[in-house]
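All heavy atoms count here, side chains included; hydrogens, waters and symmetry mates do not. The sequence lines fix the lettering, A, B, ..., with proteins before strands; numbering per chain opens at 1.
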Amino acid sequence: MWGRDMYAILEFENDIKSRVASVLDIDQNDIQLDIPGEDRGDYALPCFSFSKALKMNPPDAASYIASQLELEHGDVERTGPYLNFNIHEKYLAKNTIHGCLEKGDRYGELPAKKRKIIIEHTSANPNGPLHVGRARNPIIGDTISRIYSKAGYHVETQFYVDDIGRQVAILTWGTKNLQESELPEYGLDKIDHKLVRYYQKANQRMEEDGGVLEDIQGMMRDIEMGNKDILNEFSTNSERVMEGIRRSLERLNISHDVYKTESSLILDGSVSSVMQRMEELRICDRDEGALYFGEGDDRTFLTRGSGSSLYPLRDIAYHIWKSERCDEMLDVLGEDHKVHGAFLTSALSELGVKPVPRIIFHSFVSFQGERMSTRKGSYVTLDDIMNMAHEKAKEEVLARRDDLTMEDMERIAEIVGMGAVRYNIIRVQPEKPMDFKWEEALNLQGNSAPFVQYAHARASGIMERWDGDQKELLTKADTDKLTEEGEIKLIKKLAAYPREIRDAALSNAPHMMANYAYQLAARFNQFYRDYPVLKAEEKMMERLALVRSSKVVLSNVLWTMGITAPDSM
RNA sequence: GGGCAUGUGGCCUAGCCAGGAUAUGGCGACAGCCUCCUAAGCUGUAAGCCGGGGGUUCGAAUCCCCCCAUGCCCGCCA
């Protein structure tokens, strides 16, 4: 089904590389093509580095290479020491528009790789609602998962549920020992928001009273010794909070295929068997009974002196479990896990586990200059920001539209609001620090989700007003007629989409999708301003095909970010 | 103190890994554009020693070194 000529732009890129490589007699992987600004061509090649081997100055080297090239679907032009490559516009227009119209929501997909990747993200402690700081993880994780699925991978997403750790222990001490009456009012009528108060109060008690800490440690010991009642209490609390977290994520179009509980890894013996293997391989040591990996300041403790397991050991067990079920692993973790990530990688390598996970680290979202903390209650919850975004979007719809039912307005406000939240987080590189600001998070103009959604709604509006059969566009539109500058520029953006998918997956860069989506929407808006479609005398079918194609790609790229594409707003 | 990141116009940000042609764009500011497919849009103007200093190179925002600032980590927590 997928031919070599699946996407014109990728084929063109390959063609340039292989032909230049053969002229220079070098490996085509050593050729790094630039993607220059729009008016300088589709690809560019600086020829400085080839001039030595060719014994010519760079401009002459460029001329020489150009003279030896015969491209299948494009032209090469020399500008000083640079080569600029331009794909034949009619060829690109036909390939791209036909691709969009035929493939629809599958336009942009790359050939199936027959590889399964497990992407773990979120994995937040089930002790309370997700706050905005934590929300960066699922938004990055879900977006990269969607990108990988479009890049041809079989993707499975996982949430590692720490249902027996200290945080849940503290929460459980709270639910066992505290009365509703001694807690503050809850902010939102939602299970995770209600339960977090027990967690916070219990933390406070623990700090004041050493006995509470002992109680909590006792509960954790009991679980290790197989006390099923305590385990049930932990699991119940964990599941109740998870229910709240799941509902929050659902609103952002985020879900996980598999929830793997930490307790299951202890109960089925995998944790203790990993420990045994590590001891047999002599890749760990003991200090007063406690097992550790590594040396000196870098050692990581795997168990307590009492023999009970610690998170690093359990996480190894989890990764081994995952490794047996996939070809690749990708973890999305906060930057506080960097040292843990290095430990994980080296421990798994020494155990001979393959694959070893690749890890996307993201830095934290601060709030008013401080890190958000569930324990201290100093945070803005994800639910709060979603509700605010919905309200803000609703104000905007109310101000603009008087022809819609309240139900429609609510629906649009939800789509726009949730889109804005996701977009504002995903548009920034994961490793960059972010300071949470309401006015930015609720921004509905310029470089934002509504900008892209609006372009989509405009495209939808045009298509809805046309009463012809959309299937006819494929046969009736003569793409050779699309020769105006604004038409070609838009087509070039549409054509670039598969390359964006490829590159975003290759470099684990989800923010590239937002960047691309913005550029595409901007191009579409310019086209919309300059060229009438339904009132075009000569080229109505062609422009309709272009609008339809734009709608397809806008919708597809929004999908990769988990943002809904509205037909009206 | 050590390790790992980040530093781009008033604010936010792309480009950095694989060094090249006048450094992306947004917000805000200012000036314009709705008898015409939704103005959540479009056009234009002002605003930058790409944190600072060295180095490598024909060429550095990009690579190397030093320094400064900020964040994260340095627990038998996770």
Side-chain angles (χ1 to χ4, degrees), chain A residues 29-32 34-37 40 44-49 51 57-58 79-82 84 123-125 162 165-167 169 262 287-292 297-298 300-312 314-315 334-342 361 363-364 366 369 371 393 396-397 399-401 403 416 420 424 427-429 431-435 437 439-440 443-455 457-466 507 509 511-512 514-515 518-519 521-522 524-526 528-536 543 547 568-569:
Chain A
N29 293 320
D30 293 335
I31 295 169
Q32 190 55 48
D34 283 358
I35 300 170
R40 262 204 290 258
L45 184 68
C47 295
F48 300 91
S49 56
S51 79
N57 64 38
T79 313
Y82 298 90
N84 293 314
S123 299
N125 263 310
D162 186 4
R166 190 175 157 116
Q167 310 308 319
E262 196 164 56
D287 179 5
E288 293 180 20
L291 202 66
Y292 67 87
D297 292 341
D298 293 332
T300 303
F301 280 89
L302 304 171
T303 70
R304 298 189 176 87
S306 62
S308 63
S309 63
L310 290 165
Y311 164 75
R314 300 193 294 256
D315 205 30
E335 63 175 335
D336 56 341
H337 278 64
K338 278 185 180 173
V339 174
H340 175 69
F361 291 105
S363 58
F364 288 108
S366 56
R371 184 165 163 188
E396 298 289 328
V397 196
R400 286 160 219 277
R401 302 292 293 265
D403 57 329
V416 169
N424 273 296
R427 55 181 259 269
V428 182
Q429 286 181 38
E431 55 272 22
K432 285 226 186 193
M434 295 182 87
D435 192 39
K437 294 192 186 84
E439 65 270 27
E440 269 172 33
N443 173 35
L444 306 180
Q445 260 145 18
N447 191 0
S448 69
F451 180 92
V452 183
Q453 290 172 315
Y454 186 63
R458 281 177 147 180
S460 293
I462 292 176
M463 295 317 295
E464 269 165 32
R465 276 163 195 274
W466 181 58
S507 49
H511 67 282
M512 281 180 64
N515 224 289
Y518 178 79
Q519 290 175 28
F524 180 79
N525 281 331
Q526 287 156 2
Y528 183 92
R529 171 203 59 194
D530 291 335
Y531 307 102
V533 177
L534 296 170
K535 286 173 190 144
R543 287 188 180 153
V547 170
S568 162
M569 61 187 273

Restricting both atoms to N or O, compile the protein contacts to nucleotides 72-75 of chain B shorter than 3.5 Å, with distance only.
from: B:rC72; atom 1: O4'; to: A:Glu335; atom 2: OE2; distance (Å): 3.4
from: B:rC72; atom 1: O3'; to: A:Arg371; atom 2: NH1; distance (Å): 3.2
from: B:rC72; atom 1: O2'; to: A:Glu335; atom 2: O; distance (Å): 3.4
from: B:rC72; atom 1: O2'; to: A:Asp336; atom 2: N; distance (Å): 3.4
from: B:rC73; atom 1: OP1; to: A:Arg371; atom 2: NH1; distance (Å): 2.9

inquiry  = Please determine whether a side-chain nitrogen or oxygen atom of A:Arg529 lies at a distance below 4.0 Å from atom OP1 or OP2 of B:rA39.
reply    = no
inquiry  = Can you tell me how the ring of A:His337 sits relative to the ring of A:His340, calling it parallel under 30°, perpendicular over 60° and tilted otherwise?
reply    = perpendicular
inquiry  = At 4.0 Å (heavy atoms only), tell me whether A:Gly80 reaches a base, stays on the sugar-phosphate, or touches nothing.
reply    = nothing
request  = With sequence neighbours excluded, tell me which residues meet salt bridge (charged side-chain N to carboxylate O under 4.0 Å, His left out) with A:Glu335.
outcome  = none
key: Nucleotide nearest A:Arg304 (side chain, heavy atoms from C-beta), chosen from B:rU13, B:rC77, B:rC37   = B:rC77
inquiry  = Can you say whether a donor on the side chain of A:Arg40 sits under 3.5 Å from an acceptor on the base of B:rU22, or the other way round?
reply    = yes
note = Per atom distances to the A:Glu431 side chain, the nearest of B:rU6, B:rU22, B:rA39 is B:rU6
query = Distance check: side-chain N/O of A:His511 vs OP1/OP2 of B:rG25, anything under 4.0 Å?
reply = no
ask   = Among the nucleotides B:rG28, B:rC37, B:rA14, which one has an atom lying closest to any side-chain atom of A:Asn515?
value = B:rA14
task = For B:rC64 versus B:rC27, give the span between their C1' atoms, rounded off to a whole number of Å.
result = 36 Å
ask   = Quick one: side-chain hydrogen bond (donor to acceptor under 3.5 Å, both in side chains) partners of A:Ser448, sequence neighbours excluded?
value = none
query = Is there a side-chain polar atom (N or O) of A:Gln519 under 4.0 Å from OP1 or OP2 of B:rG26?
reply = no
note = Checking B:rC77, B:rC36, B:rU38 against the side chain of A:Lys535 (C-beta onward), the nearest is B:rC36
task = Side chain of A:Pro36 only, please: which of B:rC16, B:rC42, B:rA21 is the nearest?
result = B:rA21
ask   = Is the base of B:rC64 syn or anti, where syn means the angle lies within 90° of 0?
value = anti
inquiry  = If you count heavy atoms of other groups shown closer than 6.0 angstrom to CD of A:Glu288, is the number above 12?
reply    = no
request  = Identify, with sequence neighbours excluded, every residue that meets side-chain hydrogen bond (donor to acceptor under 3.5 Å, both in side chains) alongside A:Asp403.
outcome  = A:Arg401
inquiry  = Mind checking if A:Leu310 touches a base, just sugar-phosphate, or nothing, with heavy atoms under 4.0 Å?
reply    = sugar-phosphate
task = Spell out yes or no: do the side chain of A:Asn84 and the base of B:rA21 have one donor N/O and one acceptor N/O closer than 3.5 Å?
result = yes
key: Set of residues satisfying salt bridge (charged side-chain N to carboxylate O under 4.0 Å, His left out) with respect to A:Arg40, sequence neighbours excluded   = none
query = Under 4.0 angstrom, heavy atoms only, what part of the nucleic acid is A:Val547 near: base, sugar-phosphate, or nothing?
reply = nothing
inquiry  = With a 4.0 Å cutoff (strictly under), does any side-chain N or O of A:Gln445 reach OP1 or OP2 of B:rC27?
reply    = no
message = It should be established whether A:Lys432 places a side-chain nitrogen or oxygen under 4.0 Å from OP1 or OP2 of nucleotide B:rG7.
response = yes
query = Atom CZ of A:Phe48 to atom C1' of B:rU62: distance rounded to whole Å?
reply = 16 Å
key: Set of salt bridge (charged side-chain N to carboxylate O under 4.0 Å, His left out) partners for A:Asp435, sequence neighbours left out   = none
ask   = Under 3.5 Å, side chain of A:Asp34 to main-chain N/O of A:Pro46, donor-acceptor pair present?
value = no
task = Look at the side-chain N and O atoms of A:Arg427 and state whether any lies under 4.0 Å from the OP1 or OP2 oxygen of B:rG25.
result = no
key: Nearest-nucleotide pick for A:Gln429, side chain only, options being B:rG26, B:rG41, B:rC16   = B:rC16
message = Using atom C1' in both nucleotides, what's the gap between B:rA47 and B:rG41 to the nearest angstrom?
response = 24 Å
ask   = Is there a side-chain polar atom (N or O) of A:Gln32 under 4.0 Å from OP1 or OP2 of B:rC17?
value = no
ask   = If the P atom of B:rA5 is compared with that of B:rC65, how far apart are they to the nearest Å?
value = 11 Å
